[in-house]
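Below you'll find the structure, written out as structure tokens, and then a few comments.
Order of listing sets the numbers, starting from 1, for every ligand and every atom in it. As the structure is a prediction and not an experimental result, all values here were calculated from the model.
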Amino acid sequence: MPVVRGKNIEPLYTARQINERNHQIAAEIAKGPADDLLVIAVLKGSFIFAADLIRALHDVGLAPEVEFITLSSYGTGTVSQGVRIVKDIDSDVKGRNVLLIDDILESGRTLKFAKELLYERGAAHVSLAVLLDKKVKRQEQLEADHVGFECPDYFVVGYGMDVAYAFRELPFVGVVTGDA
Ligand code: IMP
Ligand code: MG
């Protein structure tokens, strides 16, 4: 089992599995509304997934524009949770086909906020691609159009995702199982 920062990390999805899935998702995306596609990666967690997926989009013949938005949730527990824009995109989305890319769809708050924001700004169509879907945690009625893997309710790290700013660099998705 890989050991990083003195912790055992049990791989859940290997680099190879993720790579294969990314190419399948890209082929799905190419069949949807993909004309003049604008991809928006939701930072920070999606940066590696987005980087790989947009190259897979190139492989299936798409030439997307790429933008980034940084979103952050606030409020925990009994305090009602909201989402705020930490850093916005620069482009005008009016009339565009948009693909939002995120690492995990969990409660659905982040992507519901982002999707509604883009429609309010006049996007023609907004679809969602997520690497992982944790369905049991959903609080909002929202489904992704493209899902890498249905993820069990573990806290996962790697492939862009962190716990306390660590482990984003791992080329696979894993679970921290304890001290090595
Ligand atoms: P939600 O769908 O608004 O609840 O937001 C999900 C976001 O929470 C993801 O985009 C991640 O940034 C973060 N997140 C949720 N579960 C995990 C996890 O297991 N590992 C790392 N980050 C997570
Ligand atoms: Mg996130």
Side-chain angles (χ1 to χ4, degrees), residues 1-15 17-18 21-22 25 29 38-54 66-89 98-120 123 126-179:
M1 198 185 295
V3 175
V4 183
R5 297 172 184 249
K7 302 283 186 192
N8 288 315
I9 317 279
E10 189 180 326
L12 200 57
Y13 306 108
T14 64
Q17 286 173 311
I18 296 168
R21 203 61 200 110
N22 285 345
I25 294 174
I29 292 168
L38 172 64
V39 162
I40 303 178
V42 181
L43 297 178
K44 302 174 185 169
S46 78
F47 79 106
I48 294 182
F49 176 47
D52 285 346
L53 187 59
I54 61 178
V66 182
E67 269 278 11
F68 303 92
I69 190 167
T70 309
L71 299 175
S72 166
S73 327
Y74 57 86
T76 45
T78 52
V79 181
S80 81
Q81 299 194 349
V83 179
R84 73 186 174 91
I85 303 170
V86 176
K87 189 180 181 306
D88 209 340
I89 54 171
V98 178
L99 175 72
L100 270 169
I101 300 183
D102 206 355
D103 52 358
I104 305 186
L105 176 57
E106 204 177 75
S107 72
R109 281 187 207 100
T110 307
L111 286 175
K112 185 167 187 265
F113 172 88
K115 194 173 177 177
E116 285 175 357
L117 177 79
L118 296 170
Y119 275 126
E120 276 164 24
V126 182
S127 50
L128 307 179
V130 297
L131 179 68
L132 304 176
D133 186 1
K134 285 194 196 170
K135 276 194 190 305
V136 295
K137 288 284 191 75
R138 199 79 87 256
Q139 303 279 332
E140 303 285 349
Q141 267 201 346
L142 186 76
E143 293 305 325
D145 303 274
H146 310 283
V147 174
F149 304 93
E150 301 276 338
C151 183
D153 188 16
Y154 301 140
F155 194 86
V156 298
V157 297
Y159 199 65
M161 294 172 282
D162 73 313
V163 59
Y165 308 107
F167 305 119
R168 289 195 200 272
E169 77 283 9
L170 303 181
F172 57 89
V173 174
V175 179
V176 180
T177 56
D179 294 329

Proximity flag [X] to ligand 1, non-hydrogen atoms under 4.0 Å:
{"X": "D162", "answer": "yes"}
{"X": "G108", "answer": "yes"}
{"X": "S107", "answer": "yes"}
{"X": "Y154", "answer": "yes"}

Just to confirm my output: which protein heavy-atom neighbour is closest to [atom], and how far is it?
{"atom": "atom 9 (C) of ligand 1", "value": "D103 OD1, 3.3 Å"}
{"atom": "atom 22 (N) of ligand 1", "value": "F155 CZ, 3.9 Å"}
{"atom": "atom 20 (N) of ligand 1", "value": "V156 O, 2.7 Å"}
{"atom": "atom 7 (C) of ligand 1", "value": "I104 O, 4.2 Å"}
{"atom": "atom 15 (C) of ligand 1", "value": "E106 OE2, 3.1 Å"}

K134 and ligand 1 - part of the residue with a heavy-atom distance under 4.0 Å: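 The answer is the side chain of K134.
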Part of T110 with heavy atoms under 4.0 Å of ligand 1, whether side chain, backbone, both or neither: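 For T110, the contact with ligand 1 is made by both the backbone and the side chain.
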Rounded distance (nearest 0.5 Å) linking atom OG1 of T177 with atom NZ of K7: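 Going from the OG1 atom of T177 to the NZ atom of K7 covers 9.5 Å.
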Any Y74 side-chain heavy atom under 4.5 Å of R84 side chain: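 Sidechains of R84 and Y74: in contact.
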Side chains of L118 and I40 in contact at under 4.5 Å (non-hydrogen atoms):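 Yes, close enough: below the 4.5 Å cut-off.
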For K44, side-chain hydrogen bond (donor to acceptor under 3.5 Å, both in side chains) partners two or more places apart: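 Per chain and number, K44 pairs via side-chain hydrogen bond (donor to acceptor under 3.5 Å, both in side chains) with no residue.
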Partner set under side-chain hydrogen bond (donor to acceptor under 3.5 Å, both in side chains) for E169, not counting sequence neighbours: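 Partners of E169 by the side-chain hydrogen bond (donor to acceptor under 3.5 Å, both in side chains) criterion come out as none, since no residue qualifies.
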Proximal atoms of ligand 1 relative to D102 (non-hydrogen, under 4.0 Å):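 Listed by number with element, the hits are 10 (O).
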Sub-4.0 Å protein heavy atom near atom 4 (O) of ligand 1: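 Protein heavy atom within 4.0 Å of atom 4 (O) of ligand 1: present.
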Under-4.0 Å heavy-atom contact between protein and atom 13 (C) of ligand 1: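 Under 4.0 Å from atom 13 (C) of ligand 1, zero protein heavy atoms found.
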Among I101, L111, V130, side chain to side chain contact (heavy atoms under 4.5 Å, CB included) partner for V42: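 Single side chain to side chain contact (heavy atoms under 4.5 Å, CB included) partner of V42 among I101, L111, V130: L111.
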Candidate list L105, L100, D103, D102, test side chain to side chain contact (heavy atoms under 4.5 Å, CB included), partner T110, passing option: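 Exactly one candidate clears the test, D102.
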Charged N-O contact under 4.0 Å between E143 and R138: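 Counted as a salt bridge, because a side-chain N and a carboxylate O are separated by less than 4.0 Å.
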D52 and Y159 side chains, donor-acceptor separation under 3.5 Å: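 Note: Y159 and D52 side chains meet the donor-acceptor criterion.
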